[in-house]
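Below is one structure, written out as structure tokens; the observations come after it.
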Amino acid sequence: MKVPLPDRVTLTEICPRDGFQNIKTWIPSETKLQVIDRLIDAGLRSFEITSFVSPKAIPQMADAADVSAHVLKRIARDNLELDAVALAPNLRGATAAHAAGLSHISYVISASAAHNKANINRTHEESLADLDTIVKTYPGLHVTLSMSTVFGCPFVGAITVEQVLWLIEEGVKRGARDVALCDTIGVANPLQTAVLIDAVRATFPTLEIALHMHDTHGMALANMLVGLQRGVTRFETAAGGLGGCPFAPGAAGNAATEDTVNMLHRMGVATGVDLARHLRAVELIGEKIQPNLMGHLANARSYSEFDFWPKNKGESHG
């Protein structure tokens, strides 16, 4: 029996933004850039490199312009095809990202009105109005609608599929080109993920979807497998499993990039990532930033010397 899986997926490495933003101790810019360079050297070609937000709200992102400048210089120097994305929660952030030379932003709106207010101090209507202004002011800017709390909110609990579909429709209507469905607090289960993806696909059949799963309850990879089986080919992951939302109590780290790569490669799905090189970036994170990492391969033997399963993807040997 053949299991339908894509031949290749794109991983967006979000450790430099989502991973670093929760670290309380200031990470020197030089260290951030060393990590980013190692991640680039490992073959990753899509990054959420920083966040253009108020340093008062997220002090760790105060060097956003410097980080952006370094990445853009690296792209030019090595002639890289690399998608450098910055998170921006409002027009001010989008303007700063554009001024820094970036052409792609992740515009965050929470499916939960309560979390949107806690996270960026805005109502849905205010966030959507700013999105409209951003797209009209910077028509060449690629805007991804990054939707937080689509699987559950720490303040109000369940989020309905209808809420998610409404916000996607409003975002796309205002010019968002694609969408990332984010499990901000890591409570999604595989059946829930399947139901939501199917509903989004049915309503917006041409819209590209990415999954951004946190691993609070240990189901991130299981949820991502459901996405793979439904044709999702973009996933946002963080080296070492770092991450969390400062405005989502109890949220744990993201799906670890190395664990995701390990799973995908063992199933014959290409990522373009050299796992051994990536683990050297994870080692640097453990040494200089956060010694206690959530990723499995950050703490365990990879068994890379063995070939556990034939390369003909999806073949049953039962």
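Shown here for Asn223 and Ala188, the closest heavy-atom pair between the two residues is ND2-O, 3.1 Å. Between Ile49 and Ala84 the shortest heavy-atom distance is CD1-CB, 4.1 Å. Annotation for Ala180 and Glu236: closest pair CB-OE2, 3.6 Å, computed over non-hydrogen atoms.
The distance from the OG1 atom of Thr149 to the CG atom of Leu181 is 11.0 Å, given to the nearest 0.5 Å. Here the NE2 atom belonging to His214 is positioned 6.0 Å from the OG1 atom belonging to Thr184, to the nearest 0.5 angstrom. For the atom pair Met263 CE and Leu297 CG, the distance stands at 12.0 Å (nearest 0.5 Å). The structure places CZ of Arg177 at 5.5 Å from NE2 of His142, a figure rounded to the nearest 0.5 Å. The NE2 atom of His115 sits 9.5 Å away from the CD1 atom of Ile120 when rounded to the nearest 0.5 Å. Between Leu191 atom CG and Leu196 atom CG the span is 11.5 Å, to the nearest 0.5 Å.
Looking at Asp41 and Arg74, a side-chain N of the basic residue comes within less than 4.0 Å of a carboxylate O on the acidic one, giving a salt bridge. Salt bridge present: Lys173 and Glu170 bring a charged side-chain N and a carboxylate O closer than 4.0 Å. Using a cut-off of 4.0 Å between Lys/Arg side-chain N and Asp/Glu carboxylate O, Arg122 and Asp130 are scored as salt-bridged.
Of the candidates Leu211, Thr233, Leu264, Leu264 is the only one forming a side-chain contact (heavy atoms from CB on, under 4.5 Å) with Leu228.
The side chain to side chain donor-acceptor pair (under 3.5 Å) contacts involving residues 153-168 comprise Thr160-Gln163, where partners must be two or more places apart or lie in separate chains.
Using a 3.5 Å distance cut-off with no hydrogens or angles, the side chains of His212 and Asp18 do pair a donor with an acceptor.
The closest donor-acceptor contact from the side chain of Thr257 to the backbone of Ala239 lies under 3.5 Å.
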